[in-house]
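Comments concern the structure below.
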Amino acid sequence: MARKPRVKVPKSAKKGDVILIKTLAPHKMETGQRKNKKTGKKIPRLIINKFDVTFNGKEVVSADLHPAIAANPYLAFNYRVVESGTFKFVWTDDKGKTVTVEKSLKAG
Amino acid sequence: MRHTIKVAFVALFVFGLALGNFSSTGVKAAGMEKMTETDKRAKDPRNKNYRVGDKASGYVYMTSQTRDMQDDDFSNPAFTWVDLGESLWKKVQGSAGKSCFSCHNSASFSMKGAANNFPRYDSNRKRLISLQHKINDELTKKMGAKKWKWESTNMLGMAAYIKLQSRGKPVTVQIGGKAKPFFEKGKKFFNQRRGLLDMACKHCHVDNAGNMARSNVLSEAQVNGFPTYRFKWQKPGSLHRRFIGCNKNIRAKPYKRGSEEYTNLELYMAWRSSGLKWETPAVRN
């Protein structure tokens with residue numbers, strides 16, 4: 001059973017307000033520089049390389065991640081509330097595996 | 001002329017020394033010199049909640065950035081494990097078709113203060129058991145499920161989730177009755193020299209708490225934050241994993257996780273932390 005990302009979005013906000021959205025994805029973020037101590041072979045890179053956020057299908061934030069970003073990347077951003085809808089957070093790693101979290105926001 | 005210059009130099013030198021002494025005792029006005037990291041840690045206003053009597057939680061010895069991480073549940077990375085523990089609490093597993101929830105109901109109610117019940121004497125094993133032993137007992141005997149490894153993600157998550165319910169309550173473990181001889185063994189372990197360096201736990205964590213061991217500040221080895229997220233591990237770890245690390249540092253052969261020796265030690269150390277508040281899951285370096 002894998003651990004799930006944590007996402008903090010206020011349940012409701014006033015229209016025009018700027019809200020802070022926090023995300024934390026559990027991931028090892030293997031840089032590709034480390035060696036296996038026993039075999040001496042390099043451990044292949046395995047990091048989250050892309051982070052996308054859409055709101056009602058429209059892009060809000062998109063980030064390319066690179067090595068040297070610490071394990072369990074914490075990403076936060078501000079968002080101006082326009083309408084009610086659903087946020088969709090997608091993390092993609094080097095193997096193409098994606099993790100998706102959806103959170104709804106009520107604009108009042 | 002030459003002589004007077006020399007005298008002046010000496011005078012300056014002495015004056016400088018005096019100033020230096022003053023600054024180290026903190027008499028010098030604030031802002032004139034940059035505060036050292038140790039000073040910053042000692043003067044953090046948050047400390048007062050983490051000191052009881054002459055005891056100080058490991059929190060007091062951490063940098064302000066580390067404290068910030070622990071103070072905010074969202075930025076505390078251990079909470080991804082806690083979330084997992086929460087989902088496991090309600091997950092039906094094993095042949096009995098039960099989850100933890102089916103007997104114990106909501107953990108926020110039933111597991112409140114449970115952290116103080118362990119380690120405790122177990123009449124079947126005739127020794128002390130930790131929370132992790134108890135979780136495995138429940139899994140195998142009552143739920144008919146497979147047991148978890150001590151340091152597995154599931155176990156860490158569940159242990160952290162259960163102990164989280166006691167957060168903010170003071171540590172009070174029972175050391176009397178049948179646990180008494182085991183407590184004494186734990187105490188002996190703590191004060192017993194071992195390893196190539198011939199050091200006991202107390203030599204660092206009682207005699208030298210607050211001093212540096214290479215680049216690290218030695219803490220008082222209070223156990224109120226375990227399972228603790230450590231930056232070194234990049235994940236939370238059990239108290240017994242920490243024991244292993246400590247034992248290796250003094251070049252002693254470590255015992256196994258869940259061994260009787262470590263469980264006895266765990267009881268003694270939990271008793272040492274009495275009065276401090278549970279902080280699980282804490283963040284440490």
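Proteins come first, then strands; the chains are lettered A, B, ... in the order of their sequence lines, and each starts at number 1.
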| said: Using 0.5 Å steps for rounding, measure from the OH atom of A:Tyr74 to the CG atom of B:Asp72. | reply: 7.0 Å
| note | Shortest non-hydrogen pair, A:Arg6 vs B:Asp83, comes out as NE-OD2, 2.9 Å
| request: Please round to the nearest 0.5 Å and tell me the distance separating atom CG of B:Leu84 and atom NZ of A:Lys4. | output: 8.0 Å
| field | Heavy-atom contacts under 4.5 Å, residues 17-41 of chain A to chain B | value | A:Lys22, A:Thr23, A:Leu24, A:Pro26
| request: To the nearest 0.5 angstrom, please state how far the NZ atom of B:Lys235 sits from the CG atom of A:Asn72. | output: 11.5 Å
| query | Is the count of non-hydrogen atoms from other residues, nucleotides or ligands lying under 6.0 Å from A:Lys50 atom NZ greater than 12? | reply | yes
| Do A:Val7 and B:Phe74 pass the side chain to side chain contact (heavy atoms under 4.5 Å, CB included) test, and can you show the C-alpha distance, the side-chain angles, and the key distance before you say yes or no? | CA-CA 9 Å; A:Val7 177; B:Phe74 191 86; 5.6 Å; no
